[in-house]
Amino acid sequence: MSKLFTSLKINAQLTLKNRIVVSPMCQYSAVDGFATPWHLVYLGSRAVGGAAAIIQEATAITPEGRISYADLGLWSDAQVENLKGITSFIKKHDAIAGIQLAHAGRKASSELPWKDVKQLTPNDKNGWQTVAPSAVPFYKNDYPPVELSTPQIKELVQYFTDAARRAVEAGYEIIEIHAAHGYLIHQFLSPLVNFRSDEYGGSFENRIRFLLEILEAVKKELSTQSLWVRISATDWAEGGWDLHQSIELAKILPEYGVEVIDVSSGGAVHEQKIKVEKNYQVPFAEAIKKSTSILTACVGLIDEAEQAEDILQENKADIVMMGRELLRNPYFPIQAADILGATVDWPKQYLRAKNQK
């Protein structure tokens with residue numbers, strides 16, 4: 001029996017119909033943070049394709065928290081209405097709608113990736129001043145971020161909280177906090193980026209404080225919704241955030257209401273050294289799963305049905321999150337079910353094509 005197509009109970013109100021979840025992937029197609037028809041078609045088609053849950057791209061809690069000027073945002077009540085149509089469509093097609101709340105920190109204010117791989121300065125069109133735990137840029141020639149004051153950090157915790165409230169209103173059932181890939185929360189976690197000497201820097205306990213304060217506040221806005229966290233398990237650089245610290249953090253997260261840890265890696269520093277290959281991030285998820293009690297999701301060049309099945313059968317993770325393969329093929333889940341001999345429901349509109357080669 002295929003484990004990839006068995007259900008997984010997250011909590012009393014939320015069950016994944018299978019173990020395939022769409023990883024949050026930026027679309028760079030928003031206007032002033034507002035969702036457009038592109039987002040409905042993109043996210044909706046993955047629900048039609050059979051994924052159990054769809055996690056919406058990194059959605060900024062402030063305008064300055066966007067990776068680029070074309071990112072989605074949830075800093076305004078006015079942005080909720082467009083998102084309701086997306087979550088409604090996803091639910092109608094038997095999938096769970098999730099959202100990743102984020103702030104890009106010093107990696108914000110970037111140009112669209114298909115135009116140019118560079119950061120925009122406050123003097124550039126569509127650029128703005130970035131912020132970070134310490135006034136150190138990602139690349140030495142980037143425009144330096146401004147170091148956040150303690151009051152500003154507290155303000156950001158409130159912005160995450162406000163965005164979570166709006167996400168609940170918009171109909172999302174999974175709220176994921178983005179603490180990975182070198183964005184703001186990860187910047188606090190990593191000793192290669194965080195050089196503070198106050199209560200938010202230095203020790204492990206201080207560096208995780210910002211994340212824990214966000215989780216504590218966000219949890220109060222949730223009722224039946226499930227709280228997830230994405231982390232980078234390692235910086236892939238000497239002296240940085242590493243697997244040991246990730247395991248220690250994962251042990252703490254359930255105390256703050258987190259039900260799933262979504263395990264990725266890298267992104268904090270440009271000098272990282274990563275050997276990218278199939279399943280290259282799965283061992284981090286496996287180590288966290290075996291050392292803690294938290295449900296664990298894995299990512300990392302997973303693009304074949306048998307590959308995903310083996311990960312679950314070997315007990316390396318509880319959930320398989322897929323990104324690039326689901327960009328290429330939104331119908332991977334229903335096709336994977338056929339490969340693995342599992343029975344799944346097809347959209348009624350597509351039944352005439354079922355079992356016809």
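Applying the 6.0 Å contact sphere to CD of E238 captures no more than 12 heavy atoms from other residues, nucleotides or ligands. The neighbour count for E81 CD, taken as heavy atoms of other residues, nucleotides or ligands under 6.0 Å away, does not exceed 12. Crowding of K91 atom NZ: a count of heavy atoms from other residues, nucleotides or ligands under 6.0 Å exceeding 12. More than 12 heavy atoms of other residues, nucleotides or ligands sit less than 6.0 Å from atom CG of N11. Within 6.0 Å of OH on Y280 lie more than 12 heavy atoms contributed by other residues, nucleotides or ligands.
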Begin with the C-alpha distance, continue with both residues' side-chain angles, and end with the deciding distance and a verdict on side chain to side chain donor-acceptor pair (under 3.5 Å) for E57 and Y28. CA-CA 9 Å; E57 68 183 71; Y28 308 102; over 6 Å; no
Let me see the working for S23 and R230 under side chain to side chain donor-acceptor pair (under 3.5 Å), right down to the final yes or no. CA-CA 10 Å; S23 202; R230 169 166 277 194; 2.6 Å; yes
For Q272 and D235, what are the C-alpha separation, side-chain angles and deciding distance, and is it a side chain to side chain donor-acceptor pair (under 3.5 Å)? CA-CA 7 Å; Q272 63 186 9; D235 287 342; over 6 Å; no
Verdict with supporting geometry, Y69 and E111, side chain to side chain contact (heavy atoms under 4.5 Å, CB included): CA-CA 8 Å; Y69 53 87; E111 181 54 275; 2.6 Å; yes
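Checking D242, L249, L243, I247 one by one against Q245, the side-chain contact (heavy atoms from CB on, under 4.5 Å) holds for a single residue, D242. Of the candidates S190, S232, S246, S265, W241 forms a side chain to side chain donor-acceptor pair (under 3.5 Å) with just one, namely S246. Among the candidates V263, L8, T296, the single residue satisfying the side-chain contact (heavy atoms from CB on, under 4.5 Å) test with I319 is L8.
Judged purely by atom type and a 3.5 angstrom limit, N18 uses its side chain to pair as donor or acceptor with the backbone of I20. Without hydrogens or angle criteria, E221 side chain to A163 main chain gives no donor-acceptor distance under 3.5 Å. Side-chain N or O atoms of N206 include one that pairs as donor or acceptor with a backbone N or O of G201 at under 3.5 Å. Judged purely by atom type and a 3.5 angstrom limit, H186 has no side-chain atom pairing as donor or acceptor with the backbone of I231. Remark: side-chain polar atoms of W128 are paired, donor with acceptor, to backbone N or O of E64 under 3.5 angstrom. Between the side chain of S88 and the backbone N or O of K84, no donor-acceptor pair lies under 3.5 Å. Between the side chain of R196 and the backbone N or O of G202 there is no donor-acceptor pair closer than 3.5 Å.
Contact annotation: the side chain of N315 approaches that of K3 to within less than 4.5 Å [non-hydrogen atoms, C-beta and beyond]. The shortest distance between side-chain heavy atoms of V131 and Q152 does not fall below 4.5 Å. Contact annotation: the side chain of V276 approaches that of L301 to within less than 4.5 Å [non-hydrogen atoms, C-beta and beyond]. Side-chain contact check for L327 versus M25: some heavy-atom pair is nearer than 4.5 Å. The shortest side-chain heavy-atom distance between P24 and M321 falls under the 4.5 Å cut-off. Inter-residue side-chain proximity for I175 and L101 is flagged as met; some heavy-atom pair is nearer than 4.5 Å. Between F89 and L43 there is no side-chain heavy-atom pair separated by less than 4.5 Å. Taking 4.5 Å as the limit, some side-chain heavy atom of P191 sits within range of a side-chain heavy atom of R207.
Distance check: F332 CZ to E304 CD gives 8.0 Å after rounding to the nearest 0.5 Å. Atom NZ of K354 and atom NZ of K348 lie 11.5 Å apart (nearest 0.5 Å). In this structure, OG in S68 is found 10.0 Å from NZ in K115, a value given to the nearest 0.5 Å. Here Q225 contributes atom CD and I96 contributes atom CD1; the two are 12.0 Å apart, rounded to the nearest 0.5 Å. Note: L295 CG to K9 NZ = 12.0 Å, rounded to the nearest 0.5 Å. Between the NZ atom in K219 and the CD1 atom in I177 there is a gap of 11.5 Å [rounded to 0.5 Å].
In this model, no donor atom of one side chain and acceptor atom of the other lie less than 3.5 Å apart for Q187 and Y183. A donor-acceptor contact closer than 3.5 angstrom links the side chains of T59 and Q56. With no hydrogens or angles considered, no side-chain donor-acceptor pair links W228 and E259 at under 3.5 Å.
Salt-bridge check for E169 with R166: failed, with every basic side-chain N at 4.0 Å or more from each acidic carboxylate O. Between R165 and D77 there is a salt bridge, with a side-chain nitrogen of the basic residue lying less than 4.0 Å from a carboxylate oxygen of the acidic one. A salt bridge is defined here as a Lys NZ or Arg NE, NH1 or NH2 lying under 4.0 Å from an Asp or Glu carboxylate O, and D71 with R66 fails to meet this definition. A salt bridge is defined here as a Lys NZ or Arg NE, NH1 or NH2 lying under 4.0 Å from an Asp or Glu carboxylate O, and K278 with D303 meets this definition. Salt-bridge check for E286 with K289: failed, with every basic side-chain N at 4.0 Å or more from each acidic carboxylate O.
The two atoms that bring G127 and S109 nearest to each other are CA-OG, 3.3 Å, heavy atoms only. When all heavy atoms of I86 and A35 are compared, the closest pair comes out as CD1-CB, 4.0 Å. Looking at every heavy atom in both residues, A250 comes nearest to I261 through CB-CD1, 3.9 Å. Between T130 and Y143, the shortest heavy-atom distance links the atoms OG1-O, 4.3 Å. Summarising the geometry of S2 relative to E309, their closest heavy-atom pair is OG-OE1, 2.8 Å, with the distance given to 0.1 Å.
H181 and H178 have perpendicular rings, their planes meeting at more than 60° on a 0 to 90° scale where under 30° would count as parallel. Between F188 and Y200, the angle of the ring planes goes over 60°, which puts this pair in the perpendicular group of the 30/60° scheme.
W236 has its ring centre less than 6.0 Å from the ring centre of F284.
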